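This structure is a prediction, so every number in the text was calculated from the model and none was measured.
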Amino acid sequence: MKMPEPEQAILDQLPELTRRLKDLLGDQGIVTSERGRKAFESDALTAYRQSPMIVALPASTEEVVEVLKICFELNIKVVPRGAGTSLSGGALPLEDGLTLGLSRLNEIIEIDFENRCVVTQCGVTNLAISDAVQDNGFYYAPDPSSQIACTIGGNVAENSGGVHCLKYGLTTNNILGLKMVLMSGETIELGGKYMQESGYDLIGLITGSEGLLGIVTEIIVRILPKPNIARAMLIGFSNVEHAGECVARTIASGIIPAGMEMMDKLALNAAEDYCHPGYPRDAEAILIAEFDGVQSEVDYFIEQVSEIATDLGATSIEVSKSEAERMNFWAGRKAAFPALGSISPDYYCMDGSIPRKKLPEVLRQMNVLSKKYKLRVANVFHAGDGNLHPLILYDANKPGELELAEDFGADILRLCVKVGGALTGEHGVGVEKRDLMYEVFSEDDLAQQERLKCAFDPKHRLNPGKMFPKLHRCAELGKMHVHGGKLLFPDIPRF
């Protein structure tokens, strides 16, 4: 992937920018040294990296406002960054841009049990929200595998999911309100401590916008009471396709587990070596299905899924008998990514979505692609909602292997689209999938999305180079969509 060339006019502004940021944030609030900036040179997609021009570390919404006002005045590009756990290059910095680190906005502002919500700054980690309310019997449902480190602001940027998104939804389904700072320094507030808002769903628009529209600094999240009971099933199969078929049949029967995850043989054995959760090493694939609610409902669902799995030739079926055993089933799944990192020098984590009924077909085709590219692929994914996370194992020290992994990953994503799926489920587009957007969208589709960006960021200073394979100036977009000599939607303002 080719990185954009730095703009000299912006580099010339660095002394003035540094002086004004130091006056605003102090020496501890900016990073200018080469060594210090290296800590921000990539996110979790470590195949791509470059150092930012400068890093700003504001500690409040007010400081974010002032930083953006300075950047707007000096025409500086801004790349927002949370904890750097993005797997799509969404926080990849620019050599002629400012990286806006938001980790110091890390306070929970208010816990409101009566309205079942928490008001939090963007730099609070996902897991910290549940930890803050668990003693009162509540939790925050979305739970990405990186929840111990990823921030709620980053979750909003990527519309993150997690193990339990099958039943409880993605981040967008659990957000009630947002405070966001525009590139100009203006602040807008959307939603509140209620479930519905009139007018356009701007919260839904901003959730998953990957930092291209504004900087979300505060979030109101919905918290839920813990279920009466939760039990997990660990099911082994001698055939990966049968495991996929079990998922499809379970959902088709009307059963919606709290979570339903799948791991193939390579992944489950790596996890077993890494943290010893007790997975059946002889299985070609395992499913972890969790059910929560009242005792009778949970028992009924476990019985039904056991019958489906048995009909498909399951080699083992275990049901958790205690909370400790349930958590142990999940331990390997939560540790799958680092576990695979222990058996390969590098891995390339993909993210695509497919219709559940296509799981067996897609898994077969991925095996064919693995042989074609002569690279191993481990499958760890949210099987219940068809969100795949193939991990392509490679060695960056071997010439050409990164490029092979990229081509392999691109073919997997094209396969997802071909069977009726999407390029991404929860990792976002970033730079990783940017040049594949034409696989899904036409020029007109992408131009319409760019118009939306223009409404929030007319100069394209926020996170440029992400998501759009070709960027148009806002004035150019105003001249597009001409059909039969007439401009469509003539009353819409042109930027």
Compute the centroid of each ring, for Phe113 and then for Phe138, and state whether the two points are separated by less than 6.0 Å. yes

Considering only NZ, NE, NH1 and NH2 on the basic side and carboxylate oxygens on the acidic side, decide whether [X] and [Y] come within less than 4.0 Å.
{"X": "Arg249", "Y": "Glu245", "answer": "yes"}
{"X": "Arg356", "Y": "Asp385", "answer": "no"}
{"X": "Arg81", "Y": "Asp43", "answer": "no"}
{"X": "Lys358", "Y": "Glu361", "answer": "yes"}
{"X": "Glu290", "Y": "Lys167", "answer": "no"}
{"X": "Lys372", "Y": "Asp411", "answer": "yes"}
{"X": "Asp292", "Y": "Arg326", "answer": "no"}
{"X": "Glu210", "Y": "Lys466", "answer": "no"}

Polar contact flag, side-chain donor to acceptor under 3.5 angstrom, [X]-[Y]:
{"X": "Glu261", "Y": "His382", "value": "yes"}
{"X": "Gln295", "Y": "Asp299", "value": "yes"}
{"X": "Asp351", "Y": "Thr424", "value": "yes"}
{"X": "Asp445", "Y": "Ser442", "value": "yes"}

Set out, in order, the CA-CA distance, both residues' side-chain angles and the distance that settles side-chain contact (heavy atoms from CB on, under 4.5 Å) for Leu176 and Lys193, then state yes or no. CA-CA 6 Å; Leu176 300 174; Lys193 296 180 179 181; 5.5 Å; no

Identify which one of Lys334, Arg333, His389 satisfies the side-chain hydrogen bond (donor to acceptor under 3.5 Å, both in side chains) criterion when paired with Ser145. Arg333

How about [X] and [Y]: do any of their side-chain heavy atoms sit closer than 4.5 Å?
{"X": "Phe381", "Y": "Asn387", "value": "no"}
{"X": "Thr310", "Y": "Glu307", "value": "no"}
{"X": "Leu393", "Y": "Leu375", "value": "no"}
{"X": "Ile302", "Y": "Met233", "value": "yes"}
{"X": "Pro225", "Y": "Arg116", "value": "yes"}
{"X": "Ile108", "Y": "Val118", "value": "yes"}

Has the side chain of Asn155 got a donor or acceptor atom that lies under 3.5 Å from a matching backbone atom of Ser160? no

Going through the checks in order, is the side-chain contact (heavy atoms from CB on, under 4.5 Å) test met by Val79 and Leu100? CA-CA 6 Å; Val79 176; Leu100 187 68; over 6 Å; no

With side-chain contact (heavy atoms from CB on, under 4.5 Å) as the test, would you mind laying out the steps for Ser342 and Asp273 before giving the verdict? CA-CA 9 Å; Ser342 69; Asp273 291 336; over 6 Å; no

Pairwise distance [atom1]([X]) to [atom2]([Y]) - rounded to 0.5 angstrom:
{"X": "Ile235", "Y": "Met262", "atom1": "CD1", "atom2": "CE", "value": "11.5 Å"}
{"X": "Gln448", "Y": "Glu450", "atom1": "CD", "atom2": "CD", "value": "10.5 Å"}
{"X": "Tyr394", "Y": "Ser344", "atom1": "OH", "atom2": "OG", "value": "8.5 Å"}
{"X": "Glu403", "Y": "Glu401", "atom1": "CD", "atom2": "CD", "value": "10.0 Å"}
{"X": "Glu107", "Y": "Glu218", "atom1": "CD", "atom2": "CD", "value": "10.0 Å"}
{"X": "Ser320", "Y": "Leu234", "atom1": "OG", "atom2": "CG", "value": "10.0 Å"}

Testing Val419, Leu388, Val240 one by one against Leu359 for a side chain to side chain contact (heavy atoms under 4.5 Å, CB included), which residue passes? Leu388

